[in-house]
Amino acid sequence: MMCPGLYVLTQFCCLISAFAFPFGPVLELDVTPRITVTINGLLGCNRFQGLAVNYSTLLLEDEAGMLYVGAREALYALDSANISITHNNTAIDWAASAEQKRQCLSKGRDNQTECYNYVRLLSRYNETHLYTCGTHAFRPRCAYIEVERFSFVRFEEGKDKCPYDPSKGYTGLIVDGEMYSASQYEFRSSPDIRRNFPFPNLRTEEAPTRWLLEADFVGSALLRESINSSTGDDDKLYFFFTERNTEQSPYSSQTKVSRVARVCKGDIGGQRNLQRKWTSFLKARLVCSVPEYELQFNVLRSVFVQEGPSVHDTIFWGVFGLEWKNFKASAVCRYSLIDIQAAFDGPYMEIQDSKWREYTGKVPDLRPGSCITDQHRAQLINTSRDLPDSVLMFVRRHPLMSTEIQPIGRRPLLFKKSVDYTRVTVQQITGMDGKSYNLLFIGTDEGWLHKAVEIGDRVHIIEELQLFKESQPINNMVISHKQRSVYVSAASGVVQVPFSACQRYNSCYDCVFARDPLCAWDGRECVKISSYFDKSNLTQDIQMGNRGCDDITADGLVSHRSRSVMVGDDVLLQCELHSNLAAPRWTLNGEQLQGYGTDRGYRTGTDGLLIIGAQSRQGGHYRCYAVENGVWVPICSFMVRVQPAPPASPHLPTDPTALPERLFTTTSVIILTPTIGPTEQPLHSPPAALPSGPEFQTNRHMEAMYISLVAVLGGLCLVLTVVLLYVSFCAHSCPADRKYSQQGLSVSTVTERKRSSNIELKTISSHCNGRADMRGRAASTDGAFLQIVSGESQSSPDKEVPPAPPLPLPPPLPATEFTNGLSATLPSVLRKMNGNSYVLLRQADSEMTSPLYHSFTEELNRILEKRKHTQLDVEPDESSV
Ligand SMILES: *[C@@H]1O[C@H](CO)[C@@H](O)[C@H](O)[C@H]1NC(C)=O
Ligand SMILES: *[C@@H]1O[C@H](CO)[C@@H](O)[C@H](O)[C@H]1NC(C)=O
Ligand SMILES: *[C@@H]1O[C@H](CO)[C@@H](O)[C@H](O)[C@H]1NC(C)=O
Ligand SMILES: *[C@@H]1O[C@H](CO)[C@@H](O)[C@H](O)[C@H]1NC(C)=O
Ligand SMILES: *[C@@H]1O[C@H](CO)[C@@H](O)[C@H](O)[C@H]1NC(C)=O
């Protein structure tokens, strides 16, 4: 019974170690967004939501100031300056007829999802018209739209241009009156890259070598390589997709591979061979991997084309995921056109003994797969129809290049665990230091937008923004330099997000820590640098994110509070940090508290310091600092006096007049929220490098989380396993949890999940530190209590509740429960902090011993799938007894 369980445990170990060890550079690639902004905190966003759903096709015409949007059964023309302005918006209804929907249903299609008209293509056709295609309830149609009146003028058959299935990968573009598209158009047909018009239409070859295998297309681009070409080269079209892998690969468990394919725009097919087929089709593998851990991101999700000064400077940005559907991880890799060209000029592959191998034989003089160049013309070969048969025969059998295309820097620019990125767009911004920075906007599968800046060889995520209330994948994104906006679409609507929201940062350090190339501190507030002509008084530090703010000696604005507590009380000193990158540091009487272990009577979390069973030696002056980029920013301070326990019954309320402050009984957990007070004692000499400014961080959310102790898990593989199992079963209980580990933990997948099911320490009091405090209004929070609840923390009405019992500690884990010796290494904190953990571990344990699992991937999927569906409904404490 134990064996399968152990087998699986070992497998988990391997995965976790791949992510967690050693503490090398790869971990730094897993970037934590500095600030988390939920939907109510968004600034300056405009929304568009018509009557339709499934907004997925975006066509931005920046010059004209128009954003055209294709949705389900509707098209919209929006004002790109502000997509919310309704009076300028016009719409076209484009529903499939009732008869068409009936036929769709009779084909066995789902009338809730498939039997609608989903707009898949929306493109400029000529100066006066747009061209659009839709799935039209499983019978694709296309149409011309007159832009002036924004109405249809003519319809066309669409079955060769648009897939039947709304969820099938598809890419299409119209250039110079020519339409190119790529998809698996019908359910049974093979995937195909086509030129749809003008005549002659071209396709990919299927025999003797299939050029495409179950390809899932995500993007395409035309690059005008003929401009200034010394060889008389042609313009080319690039297609990006993921397909079934038939090559040998070092990652044998993977069945998919990401590719780029290209064809020449001037291709008109062959004469006898490859008639009506591409004569210039070539494809190559796109690699996006973390070599140290043999972690290959093999599923391409989307591509963004970043134009450079010349066409050869073009950069392709790709968003990649793993093949394991339920295991979230993403990488952003980018490729230079030069490297792609080099692969297409390199050696070919060939099938030998039913395996792909590098072809080492003779290659025809006129390079197969190349466009018609001056070299061809010199031999009187003017078009692809004039190509000799030897070249065309070679092309048929050698669609694949041997050279793998490595990303710039040979590794992902960004690597993110527990997030599925769907889209990326990039804009170059010049910072005040005169350097050019790539500003990245990356969409997630849950409707969030990450805004990031590339600094040196790494990426700093400035903020993550929740754009949609309901979790839904961001399915398209376009960027406008003119409007300084990103337009983001998803099932429920379109959001226009401004490049920057500098006013969000409310102090000099906050503004500088953000490292937003568009924002700077002007002495009073964080401002957009673009609106300043004279930038000499502005402070910005993108490179280091900590220079330029004045050192301030007085910190009178730091909120202060004093309180007497009883010996044995548990006291939470509340200090929430605004930034996910800041680490909390505490001083007691001017000396830094070292080691917050429970043995020392302290525990620290992202929202405060917990004094466990206060002793008289723990009385004194506490200060909380947010340490970010090496700068200590004071947040709040507390004077805590520990009184000896009264002889009387501890449950009798004490007369509030008997003591200067209210006295709490030993059965309560006391939460101290800071206020600003004139009683602030002069600072004891603070720890080194204290800039000490009138810093104040805004906190809107209250989630008490104690997580640091997982670090103890360190290199203990077995323990990690246990945690992951535990995680698998409880992660869903707090889906909205967006806080991050501050403790430099190496296993953040695990810890982020772990946190979610901790017993939350929820305050009933008003909030500790907010903007109001900063403006000098002393928030007189008095007598706040702490309530212990399980699971998700929510804000709670401001009302008195009876004091909660002290932090309940489940009994120690019986050692006999884990014959494999797990209990010996299980940190006591896990048990203490989380009433569920013990039960969860047991659940996991019994689950593991059931069937035999064949593949690691399968097993992982199974566990993660279960995590989604398992509803945990465990009483926080009793159940663990
Ligand atoms: C359309 O939107 C609905 C939610 O409104 C979503 O469930 C569905 O998956 C979407 N369909 C496609 C093809 O995007
Ligand atoms: C956009 O237009 C809407 C509706 O007219 C308006 O409420 C909103 O303030 C405008 N947004 C901006 C950024 O001007
Ligand atoms: C879908 O078809 C079922 C019958 O198969 C019908 O009851 C239902 O109303 C239809 N739904 C829509 C949206 O047409
Ligand atoms: C654009 O195409 C439409 C549809 O084919 C045609 O009617 C129109 O005359 C064209 N306009 C121009 C300026 O060529
Ligand atoms: C190619 O073009 C050249 C010059 O335009 C012409 O002389 C030659 O006959 C053409 N060759 C073919 C095969 O059409």
Side-chain angles (χ1 to χ4, degrees), residues 42-58 65 67 69-74 78-89 96 104 109-121 123-132 134-138 140 142-149 151-156 162-170 174 176-179 183 196-198 216 301-302 422-423 443 445-447 468-476 480 483-487 489-501 503 528 531:
L42 294 178
L43 297 170
C45 291
N46 299 318
R47 275 170 199 279
F48 173 77
Q49 188 170 9
L51 294 174
V53 295
N54 297 104
Y55 299 81
S56 58
T57 321
L58 300 176
L67 178 71
V69 179
R72 194 179 82 177
E73 318 224 299
L78 310 180
D79 182 344
S80 69
N82 182 346
I83 61 169
S84 309
I85 297 176
T86 42
H87 59 89
N88 284 348
N89 295 343
C104 175
R109 295 292 151 189
D110 185 343
N111 67 353
Q112 301 296 319
T113 56
E114 295 168 312
C115 296
Y116 287 101
N117 184 23
Y118 293 84
V119 174
R120 300 302 304 272
L121 177 79
S123 180
R124 177 56 68 166
Y125 179 72
N126 62 19
E127 276 150 46
T128 52
H129 289 70
L130 303 179
Y131 193 75
T132 183
T135 62
H136 208 254
F138 256 71
C142 295
Y144 296 90
I145 296 170
E146 199 196 298
V147 174
E148 197 69 32
R149 293 183 294 129
S151 61
F152 286 131
V153 288
R154 202 168 89 226
F155 291 94
E156 276 183 0
C162 177
Y164 287 59
D165 183 341
S167 57
K168 222 13 132 205
Y170 173 73
I174 296 177
D176 310 335
E178 301 172 5
M179 176 173 176
S183 186
N196 309 93
F197 56 73
D216 186 17
R301 299 207 186 106
S302 66
T422 58
R423 288 266 163 181
D445 65 329
E446 294 183 340
F468 298 94
K469 198 178 276 159
E470 315 264 293
S471 169
Q472 53 192 302
I474 282 173
N475 57 29
N476 210 343
S480 164
Q483 305 293 346
R484 309 221 126 211
S485 294
V486 190
Y487 305 88
S489 70
S492 75
V494 186
V495 185
Q496 176 184 3
V497 185
F499 279 1
S500 59
Q503 67 271 36
K528 274 185 205 164
S531 53

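Note that ligands are numbered from 1 as they come in the structure, with each ligand's atoms numbered from 1 the same way. Worth knowing before you read on, the calculation uses all heavy atoms, side chains too, and leaves out hydrogens, waters and symmetry mates. Given the structure is predicted, the values throughout are model-derived calculations rather than measurements.
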Identity and distance of the protein heavy atom lying nearest atom 13 (C) of ligand 2: N46 OD1, 3.7 Å
Can you see whether E470 engages S492 through a side-chain donor-acceptor pair at a distance of less than 3.5 angstrom? no
Verify side-chain contact (heavy atoms from CB on, under 4.5 Å) between T135 and E114, making sure each step is shown before the conclusion. CA-CA 9 Å; T135 62; E114 295 168 312; over 6 Å; no
Pull out every atom of ligand 4 sitting under 4.0 Å from any heavy atom of R154, numbered as shown with elements. 5 (O)
When you measure from atom 12 (C) of ligand 2 to every protein heavy atom, which one gives the shortest distance, and what is it? N82 ND2, 3.5 Å
Looking at ligand 4, is there an atom of it that comes within less than 4.0 Å of some heavy atom belonging to E146? no
Under 4.0 Å from atom 9 (O) of ligand 2, do we find at least one protein heavy atom? no
Distance-only side-chain donor-acceptor flag, E156 / Y144, under 3.5 Å: yes
Before you tell me yes or no, could you show the steps for V497 and Y487 under side-chain contact (heavy atoms from CB on, under 4.5 Å), namely the whole-Å CA-CA distance, both residues' side-chain angles and the distance that decides it to 0.1 Å? CA-CA 6 Å; V497 185; Y487 305 88; over 6 Å; no
So, is T128 polar-close to ligand 4, with some N/O to N/O distance under 3.5 Å? yes
Looking at A491 and Q472, what are the two nearest heavy atoms and their distance? N-OE1, 3.1 Å
Provide the number and element of each atom of ligand 4 under 4.0 Å from a heavy atom of Y125. 2 (O), 5 (O)
Residue, atom and distance of the protein heavy atom nearest atom 4 (C) of ligand 4 read Y144 CD2, 3.9 Å
Quick check on side-chain contact (heavy atoms from CB on, under 4.5 Å): which of L121, V119, V69, N475 does T57 satisfy it with? V119
Let's go through R47 and L42 carefully: what are the C-alpha distance in whole Å and the side-chain angles of both, what is the deciding distance for side-chain contact (heavy atoms from CB on, under 4.5 Å) to 0.1 Å, and is it a yes or a no? CA-CA 11 Å; R47 275 170 199 279; L42 294 178; 3.7 Å; yes
For A491, counting its heavy atoms only, list the atoms of ligand 1 lying under 4.0 Å from any of them. 2 (O), 4 (C), 5 (O)
Heavy-atom nearest neighbour in the protein, as seen from atom 1 (C) of ligand 4, with distance rounded to 0.1 Å: N126 ND2, 1.3 Å
Tell me whether S84 has any N or O atom under 3.5 angstrom from an N or O of ligand 2. no
Validation row, ring centre Y118 to ring centre Y170 under 6.0 Å: no
What protein heavy atom sits nearest atom 7 (O) of ligand 4, and how far off is it? H129 CE1, 4.0 Å
Take the SG atom of C142, take the SG atom of C162, and say whether they are under 2.5 Å apart. no
What atoms of ligand 1 come closer than 4.0 angstrom to any heavy atom of N54? 1 (C), 2 (O), 3 (C), 8 (C), 10 (C), 11 (N), 12 (C), 14 (O)
Numbered atoms and elements of ligand 2 in range of I85, under 4.0 angstrom, heavy atoms: 2 (O)
